[in-house]
Amino acid sequence: MAALNILWTGLALLGILGVLQIPTQAQAALQPNFQEDKFLGLWFTSGLASNSSWFLEKKKVLSMCKSVVAPAADGGLNLTSTFLRKDQCETRTLLLRPAGPPGCYSYTSPHWSGNHEVSVVETDYEAYALLYTESFRGPGQDFRMATLYSRTQAPKAEIKEKFATFAKAQGFTEDSIVFLPQTDKCMEENT
């Protein structure tokens, strides 16, 4: 019996040491003194990077979408995104609930189970915002995404470069970073 306890103790220690040796991505910081009221309004999703197999398969057919950030009735933010899917405009709204310091939110994805945490890492409120989203569903099932929001459909080259640098700092490779092409579809004010 003592040998069995020693074996289990040894396995537990190896497991702990193994976990400690797993490399982790740099934790994305938050925008200092985040001002939620300045973050509200119309944004265009101009760039994405993700470790999602779905994203890596579909990234060549994705196009820019528009998102409107508005205060939610019970606190937090409503993020309403309109995008082109199968030649139809589709709109989805997520409730971003405050999850810590200002600029940090959580939401439950209607398509993928689990809670996601999204952080506004950097923004000037007038031209761009860099966001980082993650969720953990178990070993090897983590989801990570970096997003570039821009106030216009044509972000400046220096903003795109800033996003690429940010995405790479989060561990994304060049082939997992995409700048979404502009489209006229689903961009009207009433869609």
Side-chain angles (χ1 to χ4, degrees), residues 24-56 58-59 62-83 85 90-138 140-152 155 159-160 162-173 176-180:
T24 58
Q25 302 302 321
Q27 181 66 28
L30 288 173
Q31 169 70 35
N33 304 312
F34 179 72
Q35 297 174 46
E36 189 174 87
D37 60 325
K38 289 184 175 183
F39 188 67
L40 302 176
L42 177 65
W43 292 97
F44 295 95
T45 303
S46 302
L48 294 171
S50 180
N51 68 337
S52 163
S53 58
W54 175 90
F55 170 79
L56 296 173
K58 303 287 185 188
K59 70 179 185 173
L62 296 175
S63 60
M64 189 175 290
C65 71
K66 72 174 186 178
S67 296
V68 177
V69 180
D74 58 349
L77 299 173
N78 281 322
L79 174 64
T80 303
S81 298
T82 303
F83 52 93
R85 183 169 185 236
E90 193 168 312
T91 300
R92 293 196 182 139
T93 300
L94 292 175
L95 173 61
L96 302 178
R97 297 177 308 276
C104 186
Y105 300 91
S106 69
Y107 69 92
T108 303
S109 172
H111 299 284
W112 297 284
S113 62
N115 201 37
H116 299 270
E117 301 236 342
V118 60
S119 302
V120 180
V121 175
E122 183 179 328
T123 184
D124 68 354
Y125 304 101
E126 295 178 13
Y128 76 96
L130 304 177
L131 284 74
Y132 180 73
T133 305
E134 66 182 353
S135 72
F136 300 99
R137 297 182 209 135
Q141 296 181 354
D142 66 316
F143 166 80
R144 299 180 308 108
M145 179 174 275
T147 306
L148 169 62
Y149 277 177
S150 58
R151 292 288 190 185
T152 70
I159 291 174
K160 288 180 164 184
K162 184 182 286 275
F163 174 70
T165 301
F166 165 68
K168 289 173 186 174
Q170 303 311 311
F172 295 109
T173 59
S176 66
I177 300 170
V178 65
F179 292 99
L180 301 171

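Side chains of Gln170 and Asn51 form no contact here, defined as non-hydrogen atoms less than 4.5 Å apart. Between Thr82 and Val68 the shortest side-chain heavy-atom distance does not fall below 4.5 Å. In this structure, the side chains of Thr123 and Trp43 come closer than 4.5 Å at one or more pairs of heavy atoms. Considering only heavy atoms from C-beta on, Phe163 comes within 4.5 Å of Ile177 through its side chain. A heavy-atom distance below 4.5 Å is not found between the side chains of Leu130 and Thr147. Counting only heavy atoms from C-beta outward, the side chains of Ser81 and Arg92 never approach each other to under 4.5 Å. Side-chain atoms of Thr45 and Leu148, non-hydrogen and from C-beta on, never get closer than 4.5 Å to each other.
Note: Tyr125 and Phe34 have tilted aromatic rings, judged against thresholds of 30 and 60 degrees for the angle between ring planes. Using the six-membered ring where Trp is involved, Phe39 and Tyr149 have ring planes that are parallel, under 30° apart on the 30 and 60° scheme.
The distance from atom NZ of Lys168 to atom OG1 of Thr173, rounded to the nearest 0.5 Å, is 9.5 Å. Going from atom OG of Ser150 over to atom NZ of Lys160 covers 9.0 Å, rounded to the nearest 0.5 Å.
Residues Ile159 and Ala127 approach most closely at CD1-CB, 3.9 Å, considering heavy atoms. For the residue pair Ser135 and Asn115, the shortest heavy atom distance occurs at CB-O, 3.1 Å. What you find for Lys162 and Glu122 is that their closest heavy atoms are NZ-OE2, 3.1 Å. What you find for Leu30 and Ser119 is that their closest heavy atoms are CD2-CB, 3.4 Å. The two residues Arg144 and Ser50 come nearest to each other via the heavy atoms O-OG, 3.0 Å. Between Asn78 and Pro71, the closest heavy-atom pair is ND2-O, 4.1 Å.
Here the rule is ring-ring contact (aromatic ring centres under 6.0 Å, His included) with His116, and of Tyr105, Tyr132, Phe143 only Phe143 fits it.
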request  = Evaluate side-chain contact (heavy atoms from CB on, under 4.5 Å) for Met145 paired with Leu131, printing each intermediate quantity in order.
outcome  = CA-CA 8 Å; Met145 179 174 275; Leu131 284 74; over 6 Å; no

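Atom CG of Asp37 is surrounded by more than 12 heavy atoms from other residues, nucleotides or ligands within 6.0 Å.
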